[in-house]
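Scroll down for the structure; my scribbles are underneath it.
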Amino acid sequence: MKAIYLFGLFFLTTIFGYTQNTISLNECYEGLKTNYPLVKQRAILEQQKEVELSAIRAKTLPQLNLNAQATYQSDVTEVPLPNTGIEPLNNDQYRATLTANQLIFNGGKIKASQGLQNIITDRKQQEVEVNVYQLKQRVNQLYFSILLIDEQRALLKIREQQLNSKLNEVKSGIKNGVLLPTSDKVIETELLKIFQQNQEAINNRSKLIASISSLTGLPISVETGFQKPLLSINAGSELNRPELGLYGLQKEEIQQQQNILSKSSVPELNGFATGGYGNPGLNMLENDFTSYYIVGLKLNWNVFDWKNNKKQRQALDYSKELISNQEEVFKLNTNTALNEQLKEIETLESSIEIDEQLIDLQQEVVNTSESQLKNGIITTSEYITELTKLYEAENLFNQHKTQLELAKANYNTLKGDSK
């Protein structure tokens with residue numbers, strides 16, 4: 001019976017493999033990374049970074065300022081000496097200036113600001129990676145639930161074939177007076193139950209496929225075959241979760257903020273040139289419209305800030321310590337979850353060994369019951385009871401096998417080993 005069951009599974013798998021499109025667990029992972037709506041943020045973040053960097057680079061270009069004003073003054077400056085020939089200024093005065101400022105030196109603050117913007121974008125990109133990665137366990141659950149339903153349907157198909165074959169024998173026994181007249185009804189009832197279970201499985205599979213298709217963005221149909229992954233785990237490898245990269249980038253961002261703060265105490269040197277036209281010009285004694293210009297250098301240096309800069313950098317040190325603590329907590333919780341997952345894997349492997357023994361023993365009982373049914377020693381109901389026990393043992397065996405692969409997939413996902 002077990003050989004027939006395994007042959008049936010192989011036959012169904014072969015048929016599905018050649019007549020239907022198939023999909024693998026890794027393809028679902030790739031679909032999640034490529035098509036989930038959240039990943040669209042990656043392109044947006046890159047565009048945002050280019051705009052921010054462009055705005056920072058613009059600070060190195062000459063800055064132009066245009067000013068114009070017209071005023072009327074109630075009093076003006078006069079030379080208090082008679083007969084000098086110097087006319088007093090007009091009460092109405094006009095001035096228009098165009099000033100160009102060029103940054104010459106600021107201690108590398110522009111370059112540091114560009115570095116900070118790159119790190120901020122990398123950190124936001126990593127946040128997207130973390131959020132998408134956390135959906136992998138949901139993909140695992142859906143994928144292996146579909147595999148479990150496929151196993152169940154294959155088992156139901158084999159059981160249906162067995163019962164149909166037995167139904168013909170029972171009808172022959174009833175005709176020959178060996179079995180009770182209602183013996184065939186018991187088998188027909190079981191066949192109807194199998195039909196009901198198969199329909200429920202089909203409906204559940206459709207729901208699961210719709211969910212995994214929505215998550216991965218892949219066009220998965222009910223005809224799609226799901227490949228059984230051959231998974232292994234590496235208990236000795238280090239954690240490779242994207243969250244660890246995020247913690248690193250968060251600390252790098254804070255370090256760069258401290259770097260910018262340290263440069264804020266460096267003097268800033270600017271060159272400037274101003275061209276103007278007005279009445280009066282630079283010569284306040286010339287009462288006429290004239291053009292003029294001024295060129296020069298300007299130095300800004302905040303010599304004393306009451307240790308404000310130092311305090312801000314100390315506050316950022318505490319922020320780095322908080323992130324390090326969060327990273328430590330994450331590693332502890334993840335390693336605890338990995339140990340629990342390893343225990344579950346060991347338990348399932350032990351259960352599978354017992355399942356195989358139970359199937360062999362129950363198969364012997366079914367063989368004996370089948371012989372007794374042919375000879376009219378037991379009723380059809382008693383035979384069906386033993387056959388049902390065999391089905392339940394085989395079904396539990398399939399559940400444990402699928403749960404084992406799911407546990408391995410979840411272990412790899414927790415550790416960061418899943419692709």
task = Any chance you could lay out the salt bridge (charged side-chain N to carboxylate O under 4.0 Å, His left out) test for Arg123 and Glu252, step after step, and finish with the verdict?
result = CA-CA 9 Å; Arg123 187 256 301 163; Glu252 190 177 342; over 6 Å; no
task = Quick one: sort the Phe226 and Tyr143 rings into parallel, tilted or perpendicular, breaks at 30° and 60°.
result =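 It falls in the perpendicular class, over 60°.
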Taking [Y]'s backbone N and O only, do any of them form a donor-acceptor pair with [X]'s side chain (distance below 3.5 Å, no angle check)?
{"X": "Asn412", "Y": "Ile233", "result": "no"}
{"X": "Ser54", "Y": "Glu50", "result": "no"}
{"X": "Ser172", "Y": "Asn168", "result": "no"}
{"X": "Glu27", "Y": "Ser24", "result": "yes"}
{"X": "Ser350", "Y": "Glu346", "result": "no"}
{"X": "Glu268", "Y": "Trp301", "result": "no"}
{"X": "Gln93", "Y": "Pro280", "result": "no"}
{"X": "Asp305", "Y": "Lys307", "result": "yes"}
{"X": "Gln63", "Y": "Ala58", "result": "yes"}
{"X": "Ser371", "Y": "Thr368", "result": "no"}

ask   = Between Gln363 and Asn367, is a side-chain hydrogen bond (donor to acceptor under 3.5 Å, both in side chains) present by the stated rule, with each step listed?
value = CA-CA 6 Å; Gln363 183 64 64; Asn367 292 340; 3.1 Å; yes
State plainly whether the residues [X] and [Y] are in salt-bridge range, i.e. N to O under 4.0 Å.
{"X": "Lys343", "Y": "Glu340", "answer": "no"}
{"X": "Lys389", "Y": "Glu392", "answer": "no"}
{"X": "Lys166", "Y": "Glu169", "answer": "yes"}
{"X": "Asp150", "Y": "Arg205", "answer": "yes"}
{"X": "Arg159", "Y": "Glu394", "answer": "no"}

request  = May I have the step-by-step check of side chain to side chain contact (heavy atoms under 4.5 Å, CB included) for Ile23 and Cys28, ending in yes or no?
outcome  = CA-CA 8 Å; Ile23 193 168; Cys28 290; 3.9 Å; yes
message = Is any side-chain heavy atom of Tyr36 closer than 4.5 Å to one of Leu135?
response =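 SC-SC contact between Leu135 and Tyr36 confirmed.
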Closest approach of [X] to [Y] (non-hydrogen atoms, all atoms of both residues):
{"X": "Lys320", "Y": "Gln255", "result": "NZ-OE1, 2.7 Å"}
{"X": "Ser264", "Y": "Asn309", "result": "OG-ND2, 2.5 Å"}
{"X": "Pro242", "Y": "Gln126", "result": "O-NE2, 2.9 Å"}
{"X": "Ala235", "Y": "Leu342", "result": "CB-CD1, 4.5 Å"}
{"X": "Glu151", "Y": "Thr402", "result": "CG-OG1, 4.3 Å"}
{"X": "Leu25", "Y": "Pro229", "result": "CD2-CG, 4.3 Å"}

request  = Step by step, work out the salt bridge (charged side-chain N to carboxylate O under 4.0 Å, His left out) result for Lys415 and Glu238.
outcome  = CA-CA 8 Å; Lys415 199 157 196 178; Glu238 296 294 326; over 6 Å; no
ask   = Could you walk me through whether Gln256 and Asn118 pass the side chain to side chain contact (heavy atoms under 4.5 Å, CB included) check?
value = CA-CA 10 Å; Gln256 189 67 6; Asn118 284 323; over 6 Å; no
Donor on one side chain, acceptor on other, [X] and [Y], under 3.5 Å:
{"X": "Asn270", "Y": "Asn101", "answer": "no"}
{"X": "Asp92", "Y": "Thr71", "answer": "no"}
{"X": "Thr22", "Y": "Gln227", "answer": "yes"}
{"X": "Thr413", "Y": "Asn140", "answer": "yes"}
{"X": "Lys49", "Y": "Gln117", "answer": "no"}
{"X": "Tyr411", "Y": "Asn234", "answer": "no"}
{"X": "Tyr133", "Y": "Asn131", "answer": "no"}

task = Check the pair Asp317, Gln258 against side-chain hydrogen bond (donor to acceptor under 3.5 Å, both in side chains), reporting the backbone distance first and the verdict last.
result = CA-CA 9 Å; Asp317 280 331; Gln258 290 179 314; 2.7 Å; yes
key: Test salt bridge (charged side-chain N to carboxylate O under 4.0 Å, His left out) applied to Lys331 and Glu328, step by step   = CA-CA 5 Å; Lys331 288 180 178 179; Glu328 184 180 350; over 6 Å; no
ask   = Say you draw a straight line from CD of Gln399 to CG of Leu404; how long is it, rounded to the nearest 0.5 Å?
value =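 Between Gln399 CD and Leu404 CG, I get 13.5 Å after rounding to 0.5 Å.
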query = CG of Leu156 to CD of Gln199: how many Å apart, nearest 0.5 Å?
reply =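 Leu156 atom CG to Gln199 atom CD measures 11.0 Å (nearest 0.5 Å).
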key: Residue of the set Thr99, Asn65, Asn67, Leu98 for which side-chain contact (heavy atoms from CB on, under 4.5 Å) holds with Thr274   =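 That would be Thr99.
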ask   = What do the steps show when you test Glu46 against Arg42 for salt bridge (charged side-chain N to carboxylate O under 4.0 Å, His left out), and what is the final call?
value = CA-CA 6 Å; Glu46 284 299 320; Arg42 293 171 179 164; over 6 Å; no
task = May I have the step-by-step check of side-chain hydrogen bond (donor to acceptor under 3.5 Å, both in side chains) for Thr290 and Asn283, ending in yes or no?
result = CA-CA 9 Å; Thr290 183; Asn283 185 356; over 6 Å; no
